[in-house]
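Okay, so here's the structure we're looking at.
Quick note on labels: first sequence line is chain A, next is B, and so on, each numbered from 1.
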Protein chains: 2
Amino acid sequence: MKKEVTTLKKMAQLLDISTSTVSRALNNHPDISEETTKKVKNLAKKLHYMPNIFAKGFRQHKTNIIGVIVPNILSYFISTILKEILLQAEIKGYRIIISETNNDVKKEKEMLHTMLQFGVDGILMSLSKNTVDVDPILYALNQKPLILFDKVSAKVPCTQIIINGEEAAFNAVEHLINIGKKRIAILKEFEQSYNSEKIFQGYLRALKTNNIAIDEKLILSTHDISLKKGRRLTSQLISLQEKPDAIFSITDTAAIGAIQTLHKFNIKIPEEIAVVGFSNSLNSTIIQPKLTTVDQPGNRIGEIAVNYLIKEIENPKEYLASKTIEIKTNLIIRESTLISI
Amino acid sequence: MKKEVTTLKKMAQLLDISTSTVSRALNNHPDISEETTKKVKNLAKKLHYMPNIFAKGFRQHKTNIIGVIVPNILSYFISTILKEILLQAEIKGYRIIISETNNDVKKEKEMLHTMLQFGVDGILMSLSKNTVDVDPILYALNQKPLILFDKVSAKVPCTQIIINGEEAAFNAVEHLINIGKKRIAILKEFEQSYNSEKIFQGYLRALKTNNIAIDEKLILSTHDISLKKGRRLTSQLISLQEKPDAIFSITDTAAIGAIQTLHKFNIKIPEEIAVVGFSNSLNSTIIQPKLTTVDQPGNRIGEIAVNYLIKEIENPKEYLASKTIEIKTNLIIRESTLISI
DNA sequence: CTGAAAGCGCTTACAG
DNA sequence: CTGAAAGCGCTTACAG
């Protein structure tokens with residue numbers, strides 16, 4: 001089955017020169033005469049020579065492989081990020097190894113370990129939502145360049161790429177206020193979720209700035225914010241004495257659950273209750289009414305993350321500074337908040 | 001930055017034994033005494049020894065990396081497949097390198113090449129829809145185990161994992177006939193699409209079996225079957241003299257486009273026109289009415305594909321037979337065809 | 001039960 | 001301009 005494979009040595013024998021010369025010729029070493037270089041390259045092409053990347057990587061302590069660890073590959077947002085990481089890495093000559101944690105902390109640790117063992121040149125990582133102990137990450141960071149994106153942690157001193165969640169939420173909530181809403185509920189995750197907390201901060205600031213009192217009954221937290229939870233929490237909200245007049249959900253999925261429940265109870269959207277989601281997923285334009293939501297440019301995140309990482313890989317000296325880069329988001333206004341006033 | 005890394009040699013020096021012995025101890029070679037083995041393993045643990053996989057792979061001509069090439073990572077169906085591939089590979093001790101072709105034939109060829117160059121142990125591949133020349137694939141197949149899934153080609157003599165598209169379509173169309181539909185339109189891709197053709201065959205067989213004449217006007221083909229195309233083709237259909245009473249789309253996306261257009265023209269679904277999609281995407285339960293569709297178990301495809309590949313990698317002798325494995329699908333009946341009769 | 005040595009395919013400092 | 005040689009970290013056939 002396996003074909004005879006062309007090596008430097010074989011070509012050297014055929015041309016009756018040394019492997020050193022062949023190697024140098026293929027790498028465009030200036031010392032080698034044009035003639036020899038040409039000769040070697042021609043033969044290489046003829047024999048479909050492919051350098052054995054493992055031998056090369058092994059020799060040079062560089063594999064040109066980047067490890068990517070994400071919680072869940074099924075998320076559209078994450079797929080968007082991955083897509084751009086693949087594209088950019090390709091361009092720069094890197095290959096991507098992907099691992100999924102499914103939010104399992106133990107798996108996350110194992111994967112980090114395996115990545116290092118596979119000799120990746122660097123790691124891009126989005127934390128599992130259950131990660132509290134960052135020691136394994138610090139350990140990895142100590143060995144290879146590592147960048148966190150989307151789900152990050154302030155406890156890890158490395159470059160981090162996130163969206164401007166606080167500001168995004170502020171804008172979304174102000175939009176609701178601008179269309180006349182005053183009792184704005186929020187569906188969020190529990191405190192340990194970094195992203196959720198940022199969004200929550202923006203929510204609070206928007207209310208404060210606009211002199212709207214905070215009503216604890218309108219702040220609902222859950223561990224896993226899903227479609228079903230969106231429905232359940234919404235049922236809870238509309239059974240309140242004083243109903244909300246808007247619902248802001250930190251995910252589109254839960255927002256869609258909210259819309260479904262509002263439909264069920266014949267509550268008019270957006271007149272009685274407006275709904276805003278977060279992430280501009282595909283579903284947000286399929287649901288009726290179309291969902292107002294915050295667009296998070298996954299491609300930008302992926303692009304910046306991988307390019308920073310490659311920079312850190314290729315200039316190991318310089319990356320002492322661990323900056324946090326915030327990517328701008330956009331509020332996309334659709335029918336679920338479209339009120340003519 | 002980079003920490004001192006523990007190697008066999010270093011441990012050998014510390015224990016004052018040979019690297020051969022250290023290597024064998026770690027690999028549980030039966031020759032080595034229990035005592036030595038224990039001693040070595042303890043030290044290895046203490047120093048966080050991680051074998052250099054590149055040196056190992058390089059030595060053993062095995063990298064434990066599987067290359068996966070897919071057209072588009074954003075597709076939910078493909079993500080489902082990838083998720084299971086990652087999971088199963090992990091269990092079996094393989095790492096996954098992913099590349100995306102975006103249906104670009106030239107990129108597809110390059111990626112195949114790079115995969116080989118990276119020394120993957122085998123390749124899992126779903127063809128781009130524009131692939132006609134399979135020579136690059138035959139070339140790869142000649143070097144390493146390779147399995148095609150979902151988008152396959154009869155021209156490549158290798159194991160192929162597909163869904164039972166013909167049967168699935170047959171069942172879907174019979175379902176439409178059973179609820180009393182007689183003028184069933186189909187939205188499909190042009191002839192070169194293997195999957196689309198299979199589905200079309202099932203459509204034709206269902207009509208024939210039920211003595212329904214084929215009406216060419218109800219058979220619409222397009223190159224890229226998208227939401228927009230779903231809308232456009234549906235507009236076309238409802239402007240026919242004799243309208244269809246059902247639309248069968250080979251993708252959910254186009255089916256959703258169809259539904260949107262039917263809404264626009266106030267056509268009742270399913271009473272006037274029923275709609276069936278294909279793939280049971282997330283959107284299919286978000287759209288109103290919920291879409292009847294064919295569920296393709298991506299996880300099954302991923303699971304079988306990767307396990308067959310690993311089998312072929314590990315028993316290179318046996319895989320002469322290139323079988324085609326069909327995965328059963330399920331028709332999920334929802335509101336878009338729910339008629340009480 | 002253990003070790004010395006060769007070798008996987010490549011690169012590169014050194015020598016000429 | 002070119003070559004001989006060492007070495008990256010590991011495994012394994014051979015020898016004892």
Checklist entry - Atom NZ of Lys38(A) to atom C1' of dC1(D): distance rounded to whole Å? => result 17 Å
Checklist entry - side chain to side chain donor-acceptor pair (under 3.5 Å) between Tyr308(A) and Glu312(A): does it pass, once the steps are laid out? => result CA-CA 6 Å; Tyr308(A) 265 86; Glu312(A) 296 193 359; over 6 Å; no
Checklist entry - Rounded to whole angstroms, how far apart are CG on Asp16(B) and P on dT2(C)? => result 13 Å
Checklist entry - Given the rule in the side chain to side chain contact (heavy atoms under 4.5 Å, CB included) test, do Asn64(B) and Lys56(B) qualify, once you have shown the distances and angles that lead to the verdict? => result CA-CA 10 Å; Asn64(B) 278 46; Lys56(B) 202 168 170 171; over 6 Å; no
Checklist entry - Between dG16(C) and dT12(C), how far is it from one C1' atom to the other, in whole Å? => result 16 Å
Item to check | d(CE, Met11(B); C1', dT2(C)) in whole Å | outcome: 16 Å
Next on the checklist: Hydrogens and angles aside, do Thr63(A) and Asp121(A) bring a side-chain donor and acceptor to less than 3.5 Å of each other?
Outcome noted: yes
Checklist entry - Could you walk me through whether Leu8(B) and Leu26(B) pass the side chain to side chain contact (heavy atoms under 4.5 Å, CB included) check? => result CA-CA 10 Å; Leu8(B) 288 189; Leu26(B) 291 173; 3.7 Å; yes
Using the 3.5 Å cut-off, write out each protein N or O paired with an N or O of nucleotides 9-11 of chain D and the distance between them.
from    : atom 1 : to       : atom 2 : distance (Å)
dC10(D) : OP1    : Tyr49(B) : OH     : 2.6
dC10(D) : OP1    : Asn52(B) : N      : 3.1
dC10(D) : OP2    : Leu8(B)  : N      : 2.7
dT11(D) : OP1    : Asn27(B) : ND2    : 3.4
dT11(D) : OP2    : Ser23(B) : OG     : 2.6
dT11(D) : O2     : Arg59(B) : NH1    : 2.1

Item to check | Spacing of Leu15(B) atom CG relative to dC1(C) atom C1', expressed in whole Å | outcome: 16 Å
Checklist entry - Quick one: do the Asn72(A) and Lys83(B) side chains pair a donor with an acceptor below 3.5 Å? => result yes
Checklist entry - Hey, does the side chain of Thr21(B) come within less than 4.0 Å of dG3(C)'s phosphate (OP1/OP2), counting only N and O? => result yes
Next on the checklist: My validator wants the stems of DNA chain D: runs of 3 or more consecutive Watson-Crick or G-U pairs, both distances under 3.5 Å, written as range with range.
Outcome noted: C:1-3 with D:14-16, C:5-12 with D:5-12, C:14-16 with D:1-3
Checklist entry - So among Leu309(A), Leu116(A), Ile147(A), which one has a side-chain contact (heavy atoms from CB on, under 4.5 Å) with Ile123(A)? => result Leu116(A)
Next on the checklist: Taking only side-chain N and O atoms of Ser33(B), does any of them lie within less than 4.0 angstrom of OP1 or OP2 on dT2(C)?
Outcome noted: yes
Checklist entry - Are Lys106(B) and Asn130(B) linked by a side-chain donor-acceptor pair shorter than 3.5 Å? => result no
Checklist entry - In whole Å, what is the span from the CD atom of Glu34(B) to the P atom of dC1(C)? => result 9 Å
Checklist entry - Is the backbone of Ile73(A) close enough, under 3.5 Å, to the side chain of Ser79(A) for a donor and an acceptor to pair up by distance? => result yes
Checklist entry - Is the backbone N or O of Ser128(B) less than 3.5 Å from a side-chain atom of Asn103(B), with the two atoms forming a donor-acceptor pair by type? => result no
Checklist entry - Can you check the Asp31(A) CG to dA15(C) P distance for me, whole Å? => result 16 Å
Checklist outcome for this item: To the nearest angstrom, the NE2-P distance between His29(B) and dT2(C) comes to 11 Å
